[in-house]
Amino acid sequence: MKPIRTWILVADGEHARFLENMGPGKGLQDAPLKDMDADIPQSREIVTDRPGRSFDSHGQGRHAMEPIQYRRFEEQRFAGEVAQILDKAAATDSFDRLVLVAPPKTLGDLRKKLNDNTTKLVHAEIDKDLVNAPDEHLHKNLGEVMAI
């Protein structure tokens, strides 16, 4: 019987770690993808000026423009890059199941970006930030959704 290959993505808005499990009792190994890191500067390092001002659409009043949240934009873009990689891997049958481990915002970003074929392979989601967690903590959390 062919083992079920499960890929585990452990991510946040800036980091993505790809792990693989080949069945119960096999533990976790690195998947055949490189971990990804986005170098996203803090918003205060990007935006140093006060928001611009604009005329009101009705009348003579002026108001401050809404500041653009560059950091959030970059986190969403990063989730899109990760989703593209997972979509390509799913298209080539690199895994049979997928487990997503990420904070709620990142999970939402990934859900929006994954294509339908990859979404069908999602076995479980864990809405926790475990990117920097030690392996034993990761094993404990994954044990709730799959046999390791």
Any residue meeting side chain to side chain donor-acceptor pair (under 3.5 Å) with [X], in chain and number order, not counting sequence neighbours:
X: K128; result: N141
X: N115; result: T118
X: N21; result: none
X: S94; result: T92

Starting from the C-alpha separation in whole Å, work towards a yes-or-no answer on side chain to side chain contact (heavy atoms under 4.5 Å, CB included) for L130 and L142.
CA-CA 11 Å; L130 300 175; L142 286 172; over 6 Å; no
F18: partners by ring pair (Phe, Tyr, Trp, His ring centres under 6.0 Å), with sequence neighbours left out
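F18: no ring pair (Phe, Tyr, Trp, His ring centres under 6.0 Å) contacts found.
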Does the side chain to side chain contact (heavy atoms under 4.5 Å, CB included) test come out yes or no for H15 and M36, once each step is laid out?
CA-CA 6 Å; H15 311 283; M36 296 174 61; over 6 Å; no
According to side-chain contact (heavy atoms from CB on, under 4.5 Å), who are the partners of Q84, at least two apart in sequence or on a separate chain?
none
Contacts of type side-chain contact (heavy atoms from CB on, under 4.5 Å), residue P103, not counting sequence neighbours:
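Result, side-chain contact (heavy atoms from CB on, under 4.5 Å) vs P103: D12, T106, D129.
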Could you tell me which residues satisfy salt bridge (charged side-chain N to carboxylate O under 4.0 Å, His left out) with D135, sequence neighbours excluded, listed by chain and number?
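Partners of D135 by the salt bridge (charged side-chain N to carboxylate O under 4.0 Å, His left out) criterion, ordered by chain and then number, come out as R17.
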By salt bridge (charged side-chain N to carboxylate O under 4.0 Å, His left out) - contacts of R97 (at least two apart)
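R97 satisfies salt bridge (charged side-chain N to carboxylate O under 4.0 Å, His left out) with no residue once adjacent residues are dropped.
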Closest contact, heavy atoms only, [X] versus [Y]:
X: A124; Y: V145; answer: CB-CB, 3.7 Å
X: A90; Y: L121; answer: CB-CD1, 3.8 Å
X: K26; Y: Q29; answer: O-NE2, 2.8 Å
X: L110; Y: A83; answer: CD2-N, 4.4 Å

For the OG1 atom of T6 and the CG atom of D96, what is their distance to the nearest 0.5 Å?
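Spacing of OG1 (T6) from CG (D96) equals 7.0 Å.
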To the nearest 0.5 Å, what is the distance between CG on L28 and CD1 on I8?
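So the CG of L28 and the CD1 of I8 are separated by 5.0 Å.
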Any pair counted as salt bridge (charged side-chain N to carboxylate O under 4.0 Å, His left out), so long as it reaches residues 112-127, sequence neighbours left out
R111-E125
Considering only residues two or more places apart or on different chains, which pairs with a residue in residues 80-92 satisfy salt bridge (charged side-chain N to carboxylate O under 4.0 Å, His left out)?
R77-E81
Mind checking whether L19 and D30 have side chains closer than 4.5 Å, heavy atoms only?
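Yes, side chains in contact.
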Can you list every ring pair (Phe, Tyr, Trp, His ring centres under 6.0 Å) pair that touches residues 91-126, not counting sequence neighbours?
W7-F95
Would you mind checking if R71 and E75 are paired as a salt bridge, meaning a charged N to carboxylate O distance below 4.0 Å?
yes
